[in-house]
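First the structure, in the form of structure tokens, and then the observations on it.
In what follows, chains are A, B, ... by sequence order, proteins preceding strands, each numbered from 1.
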Amino acid sequence: MSTLIPQNLTPGFANPVRDAQRVFRAVLEALARPTTPQPVEVDLLPPAPLGVTMGAVILALCDEQTPLWLDPALRAAPEVCAWIAFHTGARIVDQADDAAFVIASSPSTAPRLADLARGTDEEPHRSATLVIDACCAPGIGSLTATGPGIPGVAHWDGAGLPNEFLTQWHENHSNFPRGVDLILAAETAVLGLPRTTALIAAIAHTDEKRNA
Amino acid sequence: MSGPRIVYNEGYLDEQTKRVVRRALLKGVAIPGFQVPFASREVPMPRGWGTGGVQLTASVIGPADTLKVIDQGADDTTNAVSIRAFFEKVAGAASTTRTDHATIIQTRHRIPETPLTEKQIVVYQVPIPEPLRFLEPRETETRRLHALEEYGLMYVKLYEDIAKYGHIAKTYDYPVLVNGRYVMAPSPIPSFDNPKMHQSPALQLFGAGREKRIYAIPPYTDVESLGFDDFPFEPQRFDQPCEICESTEVYLDEVLIDDHGGVMFVCSDTDHCERTLTAREHDHITEVNA
């Protein structure tokens, strides 16, 4: 009898119920308090090039109801596809706009926000969540963030965001209530950027003030 | 000698259901005030008794949490006692009646008097999540009205109140505008509590089990109670202090005390009342001894 379990598959959460709860709470806090990192500590060994925090977010949130899109680097790794399929049962899709969760192994491989599902005006919740592996990612400059979840103004270096992201994000933000939500998965923390967060480059901000 | 006959999943719900609720919560937080539909499951209590709140709490709670449950402000009423006992049994989390010790506060119809903190999540039990429901019964239409940001009906209703009674007559479940976009039902909390939702440091989650909707207000979000420039929102006020703890600026319940119509007005928030009274007695003893 052939077995459906691929060889050398690494385990999922050591304690599925409690680990999923802790990871979810970190993601919930991350989206509720944008740009504030929320610690995630799990004992997990997903196959490379899938990061630990990335793997934890996928295990906590995905299942057979959530189509996943993987970037080419992850898609090319059969162990990653097998690991996700075995532990979550999620379907892996070819088109990024079919996916509920869009998984990018680095900021540079993230698809454009305009190419992802953004929901409709009546059902804005049927939109994609983009998850980017932000391990070791450098900052992209000095940013200021405002919006729900942020008391006043938050300053942030944008580590983990793709290049030329601000224009895309501005467009995404201005489509509210439609839009994509972003989760950045760093080594031991997650950071959230819901569609409600307004991001501007801090330098442009000072210019605006000067011109005003 | 023997273990329990039935071992429930931690938090009672199965993991797949929790994921459905959790994903709905994440989208709810990303779209403040928008009602996200979800597959509401059965929990061991009748619909309308807080099943939405119970499902939210079950999906959020973990062993590191301390849960407080209030029903109309009280920790010792049927709904609060049974929901707290339920989670003590199935969630492995600590429970408390003190607002300042709780990390999750599940509430029916009140927001505690003690100011909330960033470490807290408030879970509201919601009977009717759709603020426009009694103005427009069709779900397809209300969804479209929200999509078009068409809230004229609600303003007409408030206007008619003013034309008829001289003031806005709604005193509970008073509609709010969240983050300048969605009109939202704050659940039947008294309008006295509405200002506490504005820029609250705590995360506020709303669950309607029977109506199968989840929505949320992130911390530090604008929550404006609807009104007009010349007839602005006026929260309820009380002229007298609590007759037990003498607190002012709190929400009071009218309690019958005899068969002759005698009443007294006391804090609706029992935890606040007890702690204020204890502090007062302590001060009194210190004064006497001094």
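When the shell of 6.0 Å around CZ of B:Arg47 is examined, it contains more than 12 heavy atoms from other residues, nucleotides or ligands. Annotation: B:Glu42, atom CD; neighbour count of heavy atoms from other residues, nucleotides and ligands within 6.0 Å does not exceed 12. Within 6.0 Å of the CZ atom in A:Arg126, the count of heavy atoms belonging to other residues, nucleotides or ligands does not exceed 12. Taking a 6.0 Å sphere around CZ of A:Arg112, one finds it holds 12 or fewer heavy atoms contributed by other residues, nucleotides or ligands. No more than 12 heavy atoms of other residues, nucleotides or ligands sit less than 6.0 Å from atom CG of A:Asp43.
Annotation: maximal heavy-atom pairing with chain A below 4.5 Å, among B:Val60, B:Leu25, B:Val36, occurs at B:Val60. In terms of non-hydrogen atom pairs under 4.5 Å with chain A, the most contact-rich of B:Ala216, B:Pro63, B:Pro32 is B:Pro63. Interface remark: of the candidates A:Pro151, A:Pro16, A:Pro34, A:Pro151 forms the most heavy-atom pairs closer than 4.5 Å to chain B. Of all the listed residues (B:Gln16, B:Arg23, B:Glu10), the one sharing the greatest number of non-hydrogen pairs under 4.5 Å with chain A is B:Arg23. By number of non-hydrogen pairs under 4.5 angstrom with chain B, the leading residue of A:Arg22, A:Gln65, A:Arg25, A:Arg195 is A:Arg25. No other option in A:Gly192, A:Cys62, A:Ala100 has as many heavy-atom pairs under 4.5 Å with chain B as A:Cys62. Counting heavy-atom pairs under 4.5 Å between each of B:Pro218, B:Ala30, B:Pro201 and chain A puts B:Ala30 at the top. The residue among B:Ile31, B:Val29, B:Thr221, B:Val20 with the most heavy atom pairs within less than 4.5 Å of chain A is B:Ile31.
With a 4.5 Å cut-off on non-hydrogen atoms, B:Arg22 touches chain A through its backbone and its side chain both. Looking at B:Glu15, only its side chain comes within 4.5 Å of chain A, counting heavy atoms on both sides. Heavy atoms closer than 4.5 Å to chain B are found in the side chain of A:Thr66, but not in its backbone. For B:Val178, no part lies under 4.5 angstrom from a heavy atom of chain A. Using a 4.5 Å cut-off between heavy atoms, A:Leu31 contacts chain B through both its backbone and its side chain. When heavy atoms are compared at a cutoff of 4.5 Å, A:Ala30 does not approach chain B at all. In this structure, the portion of B:Asn9 lying under 4.5 Å from any heavy atom of chain A is its side chain and not its backbone. Interface remark: A:Thr120 contributes no atoms to any contact with chain B (heavy atom separation under 4.5 Å). When heavy atoms are compared at a cutoff of 4.5 Å, B:Asp14 does not approach chain A at all.
If you take CG on A:Leu61 and CZ on B:Arg19, they are separated by 9.0 Å, rounding to the nearest 0.5 Å. The CG atom of A:Asn163 sits 7.5 Å away from atom CD1 of A:Ile140, with the distance rounded to the nearest 0.5 Å. Between the CG atom of A:Leu191 and the CZ atom of A:Arg33 there is a distance of 13.5 Å, given to the nearest 0.5 Å. Note that the CG atom of B:Leu203 and the CG atom of A:Leu28 stand 5.5 Å from one another [nearest 0.5 Å]. Put simply, SG on A:Cys81 and CD1 on A:Ile92 are 4.0 Å apart, with the number rounded to the nearest 0.5 Å. Here the CG-CG distance, from A:Asp97 to A:Leu116, works out to 8.0 Å after rounding to the nearest 0.5 Å.
None of A:Ile183, A:Val57, A:Val131 except one satisfies the side chain to side chain contact (heavy atoms under 4.5 Å, CB included) rule with A:Ile103; the exception is A:Val131.
Between B:Phe34 and B:Tyr182, the two ring planes are tilted [angle within 30° to 60°]. Ring geometry, B:Tyr8 versus B:Tyr12: the interplanar angle falls from 30° to 60°, so the pair is classed tilted.
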Step by step, would you call A:Arg178 with A:Glu122 a salt bridge (charged side-chain N to carboxylate O under 4.0 Å, His left out)? CA-CA 9 Å; A:Arg178 300 169 67 219; A:Glu122 286 189 25; over 6 Å; no
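Annotation: residues 109-128 of chain B contacts chain A through B:Glu118, B:Ile121 [non-hydrogen atoms, separation under 4.5 Å]. Heavy-atom proximity under 4.5 angstrom to chain A picks out B:Arg144, B:Ala147 from residues 144-156 of chain B.
The two residues B:Gln106 and B:Gly53 have their closest heavy-atom pair at OE1-O, 3.4 Å. Summarising the geometry of A:Ala186 relative to A:Thr53, their closest heavy-atom pair is O-OG1, 2.6 Å, with the distance given to 0.1 Å.
Separation of the B:Phe233 and B:Tyr174 ring centroids falls under the 6.0 Å cut-off.
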